[in-house]
Amino acid sequence: MTGFGKKLSINVTCLSRLVSFLPPVTPVLNSRCRYVSKAAVNTQADYDYDRPLMKTQVPGPRSKELTKQMGQIQNNTAINFFCNYEESRGNFLVDVDGNRMLDVYTQIASIPIGYNHPALLKVVSDPNNASAFVNRPALGILPPESFVDKLTEGLLTVAPKGLNRVQNMACGSCSNENAYKAMFIWYRNKERGTSIPSDADLSSCMINQLSILSFSGAFHGRTMGCLATTHSKPIHKLDVPSFDWPIAPFPRLQYPLDEHVRENAQEEARCLEETEDLIVKWRHKGMPVAGVVIEPIQAEGGDNHASAAFFISLRKIASKHGCAFHVDEVQTGGGATGRFWAHEHWGAEDPADIVSFSKKLLTGGFFYRDEMETDKPYRIFNTWMGDPSKNLLLAEVLNVIRQENLLAEVTRTGKALLGGLYELQAKYPNLLSRARGQGTFCAIDVCKASVRDKLILQARDNGVILGGCGDLSIRFRPALIFKEHHVHMFLNVFSDLLAAHK
Ligand SMILES: Cc1ncc(COP(=O)(O)O)c(C=O)c1O
């Protein structure tokens with residue numbers, strides 16, 4: 001048994017340092033604690049820190065020095081600060097200047113159960129696992145003996161409905177890139193009625209054309225194929241040529257969703273109609289849509305939601321026109337919405353043909369239907385095709401999620417978070433609007449981009465790491481171990497900043 005509240009005695013230097021830690025009680029702000037949790041108990045007290053602790057502004061002097069050195073080696077312009085991962089734990093990220101911050105952004109939504117979780121340290125320190133960490137195989141041709149078992153015990157236990165097969169990959173973009181290829185191959189095989197290409201196929205394949213339909217505001221990655229379906233910010237696409245693929249409008253809904261049902265339904269109907277028109281138009285152009293790709297909540301593009309009815313109708317439109325339906329759960333997958341997959345909220349019988357993942361699952365990849373399997377080697381392929389050590393860690397993450405009932409916890413914590421955001425937007429209507437979320441996958445809009453950016457920096461200097469998305473939004477992407485008392489910690493810092501805002 002692993003999990004929070006159960007001390008582990010493992011003879012690993014860094015682990016013993018972690019477990020022996022007793023945090024100093026130093027409040028970061030002289031906060032009036034307007035948000036106090038009665039129900040929430042800190043069950044992680046034996047390994048998580050109990051509050052932020054700030055020593056310098058962020059980035060501090062050591063971070064600045066390292067960033068300068070980095071600039072002599074590579075582009076350093078996106079670096080926020082340098083981290084001390086040895087000292088980070090639970091919900092708190094420690095930087096190289098000794099600042100300890102409540103992490104509500106978690107490495108762009110990619111830390112499932114916090115920093116240095118004891119259960120994961122145990123996996124790393126188990127001698128039986130050493131080989132998986134030391135020998136990185138070319139998995140597509142030379143997998144280790146245990147790999148089938150590891151996939152069966154890990155990834156396949158969270159396979160979305162109807163998707164029996166899984167292809168592991170390394171990152172989100174290469175998962176999507178290969179999922180697109182799988183859809184193209186499936187589409188052409190379906191068209192020709194066989195997986196054996198004709199001579200004409202072989203001679204025309206250098207120029208033949210199919211397309212993927214994506215949505216305005218979408219983000220599916222930065223490789224060339226993915227980029228053709230990414231439309232969140234110009235900087236991602238600037239100077240990079242792309243395919244002439246159809247881009248449908250993603251619904252622009254009003255929040256809270258349950259107060260704008262009629263207007264939102266009209267907006268969704270408009271988007272569905274345009275989507276179907278585009279599919280027909282591209283077929284007539286001679287570039288049929290092989291697949292439709294969509295995020296269950298558009299994340300990088302600004303946390304844009306749509307209703308279950310919208311996704312279910314879209315899926316039907318895709319099927320009607322013979323297009324595969326690809327749900328990109330790279331950011332939403334892994335539990336943050338309160339379900340393991342965000343698309344589970346749709347309650348659909350047959351939600352998707354392909355579901356891609358990465359981030360909180362630690363390994364990338366995609367689940368897919370039996371009929372989307374390719375029958376030839378090297379069509380969906382690269383050297384590593386993932387990393388077996390990540391599958392070991394993922395299996396343990398899934399154990400912890402189950403043992404700690406973390407999906408229910410996320411739902412509970414998410415209610416406290418969204419409730420707090422509603423309160424703040426009611427109190428500061430000129431500053432905040434459009435609070436929205438599912439589980440802890442929440443966001444709120446700020447009146448101006450400059451104010452949003454300033455609030456994020458100020459929150460960081462006061463011990464809370466937040467992320468931006470879209471033009472005006474702050475997004476909340478805590479780990480699954482983020483509890484109500486962490487919500488209150490964040491709300492106290494944030495409400496003080498809002499109160500002080502001029
Ligand atoms: C929905 C979605 N798809 C794909 C990606 C690309 O993943 P990666 O950055 O691992 O390539 C991201 C990254 O943020 C994402 O949010």
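Just so you know, these numbers use all the heavy atoms, side chains as well, and skip hydrogens, waters and symmetry mates. Just follow the structure's listing: the first ligand is 1, and inside any ligand the first atom is 1.
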message: Regarding ligand 1, does Arg222 bring an N or O atom to under 3.5 Å of one of the ligand's N or O atoms?
response: no
query: Going by atom types alone, do Asp95 and Asn84 pair a side-chain donor with an acceptor below 3.5 Å?
result: no
field: Note: Glu267-Arg252 ion pair, threshold 4.0 Å (strictly below)
entry: no
field: atom 7 (O) of ligand 1: nearest protein contact (heavy atom, Å)
entry: Gly172 CA, 3.3 Å
query: For ligand 1, which atoms sit closer than 4.0 Å to a heavy atom of Gly221?
result: 4 (C), 6 (C)
Ligand 1 N/O within reach of Lys359 N/O, cut-off under 3.5 Å: yes
field: Under 3.5 Å side-chain donor-acceptor pair for Arg436 and Ser473
entry: yes
message: Using the ring centroid of each side chain, check whether His231 and Phe250 are separated by less than 6.0 Å.
response: no
- request: Over 60° means perpendicular and under 30° means parallel, so classify the ring planes of His343 and Trp341, tilted if in between.
  value: parallel
query: Looking at Glu295, which atoms of ligand 1 are within less than 4.0 Å of one of its heavy atoms?
result: 1 (C)
task: List every atom of ligand 1 that sits less than 4.0 Å from any heavy atom of Glu300, numbering the atoms from 1 in the order shown and giving each element.
output: 14 (O), 16 (O)
- request: Indicate the ring-plane relationship of Phe243 and Trp245, choosing parallel, tilted or perpendicular according to the 30° and 60° boundaries.
  value: parallel
- prompt: When you look for heavy atoms under 4.0 Å from ligand 1, do you find them on the side chain of Ser173, its backbone, both, or neither?
  reply: both
- request: Measure the distances from the heavy atoms of Asn176 to every atom of ligand 1 and state whether one is below 4.0 angstrom.
  value: yes
statement: atom 3 (N) of ligand 1 sits nearest the protein heavy atom Asp328 OD2, 2.7 Å
field: ligand 1 contact on His220 by region, counting heavy-atom pairs under 4.0 Å
entry: backbone
query: Under 30°, 30 to 60°, or over 60°: which ring-plane class applies to Phe219 and His236, parallel, tilted or perpendicular?
result: perpendicular
Gln331 neighbourhood, listing ligand 1 atoms whose heavy-atom distance to it stays under 4.0 Å: 14 (O), 16 (O)
field: Distance-only donor-acceptor check, side chains Ser433 and Gln425, under 3.5 Å
entry: no
query: Mind checking whether Ile108 has an N or O less than 3.5 Å away from an N or O of ligand 1?
result: no
